[in-house]
Amino acid sequence: QVQLVESGGGLVQAGDSLRLSCAASGRTFANYAMGWFRQAPGKEREFVARISWRSGRTNYVDSVKGRFTISRDNAKNTVYLQMNSLKPEDTAVYYCAAGRIVPMKAQVYEYWGQGTQVTVSS
C-alpha cells in the first residue's frame, strides 16, 4: 500500500522560497510518475508539476515554469517541489500524488497525500 506524506508548507512573503517534500512508502517507484497538484480556495484542483521516477523527465504548468522545480531522491523515496519567487497567486493546499506510467496512456494518479498549506502574503 502506497502512502504519501507532504511537508514543508508555511507562511511566506511574496518573492520568498519554499521547498515541499513528499515522503513515499517503502515500495519501489521505478515505473511511477510523481506529481504535485494544488487547490486554492474556491478553485478546482490544478496540476503543477510531474516527474518520471525512472527517467527524471519533468513537465510543469505554464504558470510555474522557471520558478518551480520538481525533483526526486531515489534512495529516500522522496519527491521535492522547490518553489522560488513565490506569488500570492501560489497560495493553495499542495498535494503530492503518484501513479503508474503506462505506455501510450495518459498519466493517472492513484495515490494522494494529505496536503500541505502554502500561504504567500503580499
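Model, not experiment: these values are computed from the prediction.
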**Criterion side-chain contact (heavy atoms from CB on, under 4.5 Å) on Leu81 and Thr69, from CA distance to verdict** = CA-CA 6 Å; Leu81 185 68; Thr69 303; over 6 Å; no
**Request:** For side-chain contact (heavy atoms from CB on, under 4.5 Å), just list the numbers for Glu110 and Val2, CA-CA rounded to whole Å, side-chain angles, deciding distance to a tenth of an Å, and then say yes or no.
**Result:** CA-CA 9 Å; Glu110 306 165 64; Val2 173; over 6 Å; no
**Request:** Go through the steps to decide whether Ile101 and Tyr32 satisfy the test side-chain contact (heavy atoms from CB on, under 4.5 Å), and finish with yes or no.
**Result:** CA-CA 5 Å; Ile101 296 174; Tyr32 272 70; 5.8 Å; no
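In this structure, Ile51 CD1 and Asn59 CG are separated by 10.0 Å, a value rounded to the nearest 0.5 Å. Atom CZ of residue Arg57 and atom OG of residue Ser55 lie 3.5 Å apart, to the nearest 0.5 angstrom. Expressed to the nearest 0.5 Å, how far CE of Met83 lies from CG of Leu18 amounts to 4.5 Å.
Applying the disulfide (SG to SG under 2.5 Å) rule to pairs touching residues 66-122 yields Cys22-Cys96, sequence neighbours excluded.
With contacts defined as side-chain heavy-atom distances shorter than 4.5 Å, the pair Gln82/Ser17 qualifies. In this structure, the side chains of Val120 and Asp16 stay at 4.5 Å or more apart for every pair of heavy atoms. At a threshold of 4.5 Å between non-hydrogen side-chain atoms, the residues Leu4 and Trp112 do not count as touching. Within the 4.5 Å cutoff, side-chain heavy atoms of Trp36 are placed close to those of Glu6.
Two different hydrophobic clusters hold Val93 and Tyr80 under the rule that ILVMFWY side chains link at heavy-atom gaps under 4.5 Å. Linking Ile, Leu, Val, Met, Phe, Trp and Tyr whenever their side-chain heavy atoms come within less than 4.5 Å puts Val118 and Tyr60 in one cluster.
The shortest heavy-atom contact between Ser122 and Ala14 is CA-CB, 4.5 Å. Across all their heavy atoms, Tyr109 and Gly35 have their closest contact at CE2-N, 3.7 Å.
Relative ring orientation between Phe68 and Tyr94 is described as tilted, the plane-to-plane angle lying within the 30° to 60° band.
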Below 3.5 Å, can you tabulate the donor-acceptor pairs from side chains in residues 41-50 to any protein atom, sequence neighbours excluded?
residue	atom	partner	partner atom	Å
Glu46	OE1	Arg38	NE	2.9
Glu46	OE1	Arg38	NH2	3.4
Arg50	NE	Gln107	OE1	3.4
Arg50	NH2	Gln107	OE1	2.9

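Within the 3.5 Å criterion, the main-chain N or O of Trp53 finds a donor-acceptor partner in the side chain of Arg72. A donor-acceptor distance shorter than 3.5 angstrom exists from the side chain of Asn77 to the backbone of Ser25, with no hydrogens or angles considered.
Residues passing the side-chain hydrogen bond (donor to acceptor under 3.5 Å, both in side chains) test with Arg67 are Asp90, sequence neighbours excluded.
In this structure, a donor-acceptor pair under 3.5 Å is absent between the side chains of Thr78 and Asp73. Checked by atom type, the side-chain pair Gln117/Thr119 shows a donor-acceptor distance below 3.5 Å.
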